[in-house]
Protein chains: 2
Amino acid sequence: MPPRIAGTADECMVEAATEVLGGKWKLVILRHLQGGTRRFGELHRVIPGVTPRMLTRQLRELEADGLIRRRVYAEVPPKVEYSVTEIGASLEKIIDGLEAWGLWYREQVTTAP
Amino acid sequence: MPPRIAGTADECMVEAATEVLGGKWKLVILRHLQGGTRRFGELHRVIPGVTPRMLTRQLRELEADGLIRRRVYAEVPPKVEYSVTEIGASLEKIIDGLEAWGLWYREQVTTAP
DNA sequence: CAGTATCCATGCCGATACTG
DNA sequence: CAGTATCGGCATGGATACTG
């Protein structure tokens with residue numbers, strides 16, 4: 001599957017990053033997958049507010065962009081596991097940084113006058 | 001001016017970050033302002049593809065969220081300068097990381113089969 | 001369990017033209 | 001120079017119901 005991003009001719013590489021990470025739930029999904037392999041239902045349960053439809057869409061895009069891997073087990077009941085690829089794993093530090101910043105930012109704007 | 005984000009009751013702080021940084025041009029703007037104070041026209045010239053309307057909107061939101069400062073000089077012709085606040089400056093490392101990752105990612109997806 | 005299908009709303013964002 | 005005004009498209013994402 002070819003990655004969705006292939007021909008953006010910008011010089012600013014933050015755009016490449018935001019294009020891949022731009023979905024509403026993508027960073028949250030990635031964050032949970034950093035903790036290890038998760039099943040569809042686990043993700044659905046642990047991410048409050050996401051609908052199956054959106055979860056599926058975002059997972060498929062992350063897969064198309066090479067950030068996560070999808071493994072289907074031919075069982076009944078069905079079982080599908082998601083995990084980060086090497087590329088997805090390479091985002092761990094950045095996501096950690098974003099989360100830490102988000103926490104700090106919340107403190108700033110809530111405590112400061 | 002109160003920050004737009006004040007009552008998101010999530011436990012996942014990446015959401016706080018994405019809400020503040022979620023605009024299409026915000027990270028690019030921030031990236032350029034990390035280099036120092038810039039005027040509206042400078043930003044407009046250095047960010048390809050952005051319309052005055054969008055640039056204004058994103059700048060105002062960044063200002064409302066406390067990431068940048070807007071200084072108006074009572075001169076003619078008009079002169080407005082934008083610069084990062086301390087909060088905005090605190091994102092420098094993260095934005096650098098995103099840019100580096102974007103560059104690396106592009107290499108991965110273009111060179112790998 | 002792990003999704004699809006369908007419909008629908010919002011709002012994000014672009015293009016263009018105009019102004020203090 | 002640094003914006004506003006107005007119009008409008010279309011992607012993003014939500015709600016609900018259904019299925020292999």
Side-chain angles (χ1 to χ4, degrees), chain A residues 1 4-5 7-10 12 14-15 17-30 32-33 37-65 68-83, chain B residues 1 4-5 8-10 12 14-15 18-30 32-33 37-65 68-83:
Chain A
M1 188 157 1
R4 292 181 309 126
I5 186 172
T8 50
D10 313 298
C12 199
V14 288
E15 300 186 14
T18 54
E19 229 170 299
V20 171
L21 306 173
K24 182 171 180 182
W25 308 98
K26 291 190 182 173
L27 283 173
V28 184
I29 292 171
L30 251 7
H32 285 292
L33 290 185
T37 298
R38 297 281 182 270
R39 297 181 58 172
F40 184 89
E42 292 181 293
L43 289 172
H44 188 211
R45 230 170 301 115
V46 84
I47 301 178
V50 71
T51 60
R53 168 186 150 83
M54 280 315 297
L55 187 52
T56 303
R57 289 172 69 93
Q58 305 271 297
L59 284 168
R60 292 290 151 83
E61 288 193 15
L62 287 171
E63 186 193 8
D65 288 331
I68 67 174
R69 188 174 298 115
R70 178 172 181 262
R71 228 157 345 199
V72 184
Y73 295 83
E75 304 176 357
V76 41
K79 175 178 169 182
V80 179
E81 283 184 347
Y82 295 92
S83 56
Chain B
M1 188 157 1
R4 293 180 309 126
I5 187 173
T8 48
D10 314 297
C12 199
V14 288
E15 300 188 14
T18 54
E19 229 171 299
V20 171
L21 306 174
K24 182 171 180 181
W25 308 97
K26 290 190 183 174
L27 283 174
V28 184
I29 292 171
L30 251 6
H32 285 292
L33 290 185
T37 297
R38 297 282 182 269
R39 299 181 57 173
F40 184 89
E42 291 180 296
L43 289 173
H44 187 211
R45 229 171 301 115
V46 85
I47 301 177
V50 72
T51 61
R53 168 184 150 84
M54 280 315 296
L55 187 52
T56 302
R57 290 173 70 93
Q58 305 269 297
L59 285 168
R60 292 291 149 84
E61 287 193 14
L62 286 171
E63 186 192 9
D65 289 330
I68 67 174
R69 187 174 298 115
R70 178 172 181 263
R71 228 157 345 199
V72 183
Y73 294 83
E75 305 177 355
V76 38
K79 176 178 170 184
V80 179
E81 284 184 346
Y82 294 92
S83 56

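FYI, side chains are in, hydrogens and waters are out, and symmetry mates aren't considered; it's all heavy atoms of this structure. Chain letters run A, B, ... following the sequence lines, proteins first and then strands; every chain starts at 1.
Listed pair A:Arg39 / C:dA2 meets the phosphate criterion, a side-chain N or O lying under 4.0 Å from OP1 or OP2. Regarding contacts with the backbone of C:dA2, every side-chain N or O of A:Arg45 stays at 4.0 angstrom or more from both OP1 and OP2. Between C:dG3 and A:Arg60, a contact under 4.0 Å exists linking OP1 or OP2 to a side-chain N or O. Contact annotation: B:Tyr82 reaches the phosphate of D:dG3 (side-chain N/O to OP1 or OP2, under 4.0 Å).
The CG atom of A:Leu33 sits 11.0 Å away from the CD atom of A:Glu81 when rounded to the nearest 0.5 Å. Of the inter-residue distances, the one linking B:Tyr73 atom OH with B:Arg39 atom CZ reads 9.5 Å to the nearest 0.5 angstrom.
Here the closest heavy-atom approach between residue A:Arg71 and residue A:Ser83 is recorded as NH2-OG, 3.5 Å. For B:Val20 against B:Lys26, the heavy-atom pair with the smallest separation is O-CD, 3.4 Å. Nearest heavy atom pair, residue B:Ile29 against residue B:Leu55, reads CD1-CD1, 3.8 Å. Taking every heavy atom of both residues into account, B:Pro52 and B:His44 meet most closely at CD-NE2, 3.9 Å. Across every non-hydrogen atom of B:Met54 and B:Trp25, the tightest pair is CB-NE1, 4.1 Å. The heavy-atom pair separating B:Thr18 from B:Glu15 by the smallest distance is OG1-O, 2.9 Å.
Atom CD in B:Glu81 sits roughly 15 Å away from atom P in D:dC1 (whole-Å rounding). Atom-to-atom, CD of A:Glu19 to C1' of D:dT12 comes out at 15 Å; the value is rounded to the nearest Å. To the nearest angstrom, P of D:dG3 lies 13 Å from CD1 of B:Ile47. Remark: P of D:dT12 and NZ of B:Lys24 are 10 Å apart, rounded to the nearest angstrom. Between the P atom of C:dG3 and the NE2 atom of A:His44 lies a distance of 12 Å, rounded to the nearest Å.
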Does the pair A:Asp65 and A:Leu21 meet the rule for a side chain to side chain contact (heavy atoms under 4.5 Å, CB included), with working shown?
-> CA-CA 10 Å; A:Asp65 288 331; A:Leu21 306 173; over 6 Å; no
Test side chain to side chain contact (heavy atoms under 4.5 Å, CB included) on B:Leu30 and A:Val14 and set out the steps.
-> CA-CA 10 Å; B:Leu30 251 6; A:Val14 288; over 6 Å; no
Residue pair B:Leu59, B:Glu63: steps toward the side chain to side chain contact (heavy atoms under 4.5 Å, CB included) verdict | CA-CA 6 Å; B:Leu59 285 168; B:Glu63 186 192 9; over 6 Å; no
Distances under 3.5 Å between protein N/O atoms and the N/O atoms of nucleotides 18-20 of chain D, please, pair by pair.
none

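Taking five base pairs at each end of the helix from C:dC1-D:dG20 to C:dG20-D:dC1, the local helix axes there meet at an angle of 60°, rounded to 10°.
DNA chain D lies under 4.0 Å from at least one heavy atom of each of the following residues of residues 51-59 of chain A: A:Arg53, A:Met54, A:Gln58.
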